[in-house]
Amino acid sequence: MPEELANCSLCCCTMTNKIFMVVFMISLILAILFGNTLTLAVVFGTKHFHTPQGYLKASLAVADLAVGIFVVPVSVYAEISLMVHNSKPEWTVRNSQNTTFHPCSFIGPVFAGCTLVSITTIFLLTIERSIAVLKPLHKESVITKKRTSILIVFSWMGSFLLATSPIVFSNEITLEYNPCSRMCNYALGSTDFPSQAWHILLLFPAFDFTLLGGTIIINIISLTTIRQHSKRRKHLAETERQSATKPTFSDIKAAKTIGTLTLAFTMSFTPIAVFVVGNVFGNEWCTFSFFAFWILTTNSCCNVIIYGVRDQKFRNRANHMLISAHLKNAPKS
């Protein structure tokens, strides 16, 4: 028991806190499933959203949906089993090196892969919007559905190749159910600090912050252009020719929405990156790891909220679908 208390995060050590934690996890599953299913329904069920931007938003929703379907339920199962039987499931005290089939061997790469997909998709969304804002005349020729679909496929393949690389390229890295984060995490399989393993583990924050840094820079350039354009519109009456070479109001609105997505994801991912770097250098940070991983997981249900607040067409279509579904399921008098 003392060892368990030493290895548990502050919010999960008492029975009351564990109950709140499980309720939170179940609520998060429902929110992720509802929000991202609604996003997919709006994107695929509305012709207006059959665009490169719509495809990218659908890809982002699928990645978030996978987190709600595969990742969080495993944590719920482990924690409920611990509360009901008052003992840890056997697989939670072993790692993937000591078990023929370990659930974390699948769940860990899925969570890492979906996180990487989210980052690359937000990067692609930013590129797409920056072209629409900076080069509006070239938007239709440069950004096509076919090219966007190919980029989406490559982003998924590349993300999951990177997610599985720690296991493929190092036999010193394993996957385990971490008692601090309450999730399947990558870990060092031996007590001795491996000389090369930390280079592989640092691939994640290095790749993520490179993409996020590029995304932020592109967003700043796009938003600066939008701001300058708005100032000019206040002082000058635009001619027909000028209007044709300026971004449309919908492009500007979408660019601001992607900027909000980028900010939200950067804020949710930063604690994870800090934890990974600290963990590589031997800091366990038990309570911090719990909040870091679950803040990132909570981001999986935030995108639909951002769309609903920032995109009026998305909000109107989503409301219409929800009202239609309610009327269809309402009992007839």
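When a residue number appears, it is its place in the shown sequence, counting from 1. Keep in mind that what you see is a predicted model, and the values were worked out from it rather than measured.
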Are the side chains of I19 and M83 in touch, meaning some heavy atoms are under 4.5 Å apart?
yes

With side chains defined as the heavy atoms from C-beta onward, is the minimum distance between T215 and I127 less than 4.5 Å?
no

Measure the spacing between CG of L134 and OG1 of T225 and express it to the nearest 0.5 Å.
4.5 Å

By the definition side-chain contact (heavy atoms from CB on, under 4.5 Å), identify the one residue from V72, D64, L65, L28 that meets it with L33.
L65

Return the minimal non-hydrogen interatomic distance between V117 and T121, and the atom names on each side.
O-OG1, 2.7 Å

Mind checking what makes ring-ring contact (aromatic ring centres under 6.0 Å, His included) contact with F49, not counting sequence neighbours?
none

Determine, stepwise, if the pair Q53 / L125 fulfils side-chain contact (heavy atoms from CB on, under 4.5 Å).
CA-CA 7 Å; Q53 182 187 159; L125 277 166; 3.9 Å; yes

Closest approach of S59 to I152 (non-hydrogen atoms, all atoms of both residues)
OG-CG2, 3.6 Å

Provide the full list of disulfide (SG to SG under 2.5 Å) pairs with a residue in residues 14-71, sequence neighbours left out, each pair given once.
none

Carboxylate-amine/guanidinium contact R182 E79, below 4.0 Å
yes

In terms of the angle between their ring planes, are W285 and F275 parallel, tilted or perpendicular, with boundaries placed at 30° and 60°?
tilted

Tell me whether F314 is reachable from I305 by hopping between hydrophobic residues (I, L, V, M, F, W, Y) whose side-chain heavy atoms are closer than 4.5 Å.
yes

Let me confirm one number: the CD1-OG distance from I119 to S155, rounded to the nearest 0.5 Å.
11.5 Å

Taking transitive links into account, so neighbours of neighbours count too, which hydrophobic residues share a cluster with L327 at under 4.5 Å side-chain distance?
I323

Measure the shortest side-chain to side-chain distance between F290 and M183 over non-hydrogen atoms and say whether it is less than 4.5 angstrom.
no

Joint cluster assignment, V153 & L116, ILVMFWY side-chain distance < 4.5 Å
no

Joint hydrophobic cluster, M157 plus F169, side-chain heavy atoms closer than 4.5 Å
no

Going by the rule side chain to side chain donor-acceptor pair (under 3.5 Å), which residues pair with S159 if we only count those two or more places apart in sequence or in a different chain?
none

Using a 3.5 Å distance criterion without hydrogens, assess whether the side chain of Y186 forms a donor-acceptor pair with backbone atoms of E176.
no

Should N219 and T262 be marked as a side-chain hydrogen bond (donor to acceptor under 3.5 Å, both in side chains) after you check the CA-CA gap, both sets of side-chain angles, and the distance that decides it?
CA-CA 8 Å; N219 269 301; T262 302; 3.1 Å; yes

What's the separation between atom CG in N178 and atom CG in N95, rounded to the nearest 0.5 Å?
12.0 Å

Going by ring-ring contact (aromatic ring centres under 6.0 Å, His included), name the pairs with one or both residues in residues 89-126, residues two or more places apart or in two chains.
F70-F106, W91-H102, W91-Y177

Can you list the steps and then say if L60 with S118 is a side-chain contact (heavy atoms from CB on, under 4.5 Å)?
CA-CA 6 Å; L60 188 59; S118 296; 3.7 Å; yes

Heavy atoms, side chains only, cut-off 4.5 Å: are T51 and K145 in contact?
no

Verify, without hydrogens or angle tests, whether R315 (side chain) and G308 (backbone) share a donor-acceptor contact under 3.5 angstrom.
yes

Answer yes or no: is there a side-chain heavy-atom contact under 4.5 Å between P271 and F288?
yes

Quick one: closest heavy-atom pair of A255 and L223, and the distance?
O-CD2, 4.4 Å

Residue pairs meeting side-chain hydrogen bond (donor to acceptor under 3.5 Å, both in side chains), one or both in residues 26-39, sequence neighbours left out, come to none

Taking only residues two or more places apart in sequence or in another chain, which ones pass ring-ring contact (aromatic ring centres under 6.0 Å, His included) with F160?
W156

To the nearest 0.5 Å, how far apart are CD1 in I80 and CE in M25?
9.5 Å

Show the nearest heavy-atom pair for residues S181 and W294, with the distance to one decimal.
O-NE1, 2.8 Å

Which value, rounded to the nearest 0.5 Å, describes the distance between T144 atom OG1 and L151 atom CG?
8.5 Å

Would you sort out whether F24 and I29 count as a side-chain contact (heavy atoms from CB on, under 4.5 Å), showing the intermediate values?
CA-CA 9 Å; F24 162 74; I29 292 173; over 6 Å; no

Between T174 (side chain only) and S96 (backbone N and O only), is there a donor and an acceptor less than 3.5 Å apart?
yes

Taking all atoms of both residues into account, what is the closest heavy-atom pair of N299 and A264, and its distance?
ND2-O, 3.7 Å

With a cutoff of under 4.5 Å between side-chain heavy atoms, which Ile, Leu, Val, Met, Phe, Trp and Tyr residues group with V93?
none

How many angstroms lie between atom CE of M321 and atom CG of N319, to the nearest 0.5 angstrom?
11.5 Å

For the pair T46 (side chain) and V43 (backbone), establish whether a donor and an acceptor sit closer than 3.5 Å, ignoring hydrogens and angles.
no

So, do K18 and L82 sit near enough that their side-chain heavy atoms are less than 4.5 Å apart?
yes

Among Ile, Leu, Val, Met, Phe, Trp and Tyr joined by side-chain contacts under 4.5 Å, find the other residues sharing a cluster with L263 and list them by chain and number.
M267

Could you work out, with ring-ring contact (aromatic ring centres under 6.0 Å, His included) as the rule, every residue matching F34, not counting sequence neighbours?
none

Could you check whether any side-chain N or O of R317 sits under 3.5 Å from a backbone N or O of G45, counting only pairs where one atom can act as donor and the other as acceptor?
yes

Holding to ring-ring contact (aromatic ring centres under 6.0 Å, His included), I want the full list of residues that pass it with F265, two or more places apart in sequence or in another chain.
none

Would a 4.5 Å heavy-atom cut-off, applied to side chains only, mark K256 and L261 as touching?
no

Under the disulfide (SG to SG under 2.5 Å) rule, what pairs show up with a residue in residues 28-105, not counting sequence neighbours?
C104-C184

With a 4.5 Å heavy-atom cut-off, do V76 and I26 have their side chains touching?
yes

Has the side chain of Q97 got a donor or acceptor atom that lies under 3.5 Å from a matching backbone atom of L175?
no

Among the clusters formed by ILVMFWY side chains lying less than 4.5 Å apart, do I69 and V62 turn up in the same one?
yes

Give the cluster check for I295 versus F20: same hydrophobic cluster or not, with ILVMFWY residues linked at side-chain heavy-atom distances below 4.5 Å.
no

Locate the shortest heavy-atom distance separating L162 from P166; write the atom from each residue and the value.
O-CD, 3.5 Å

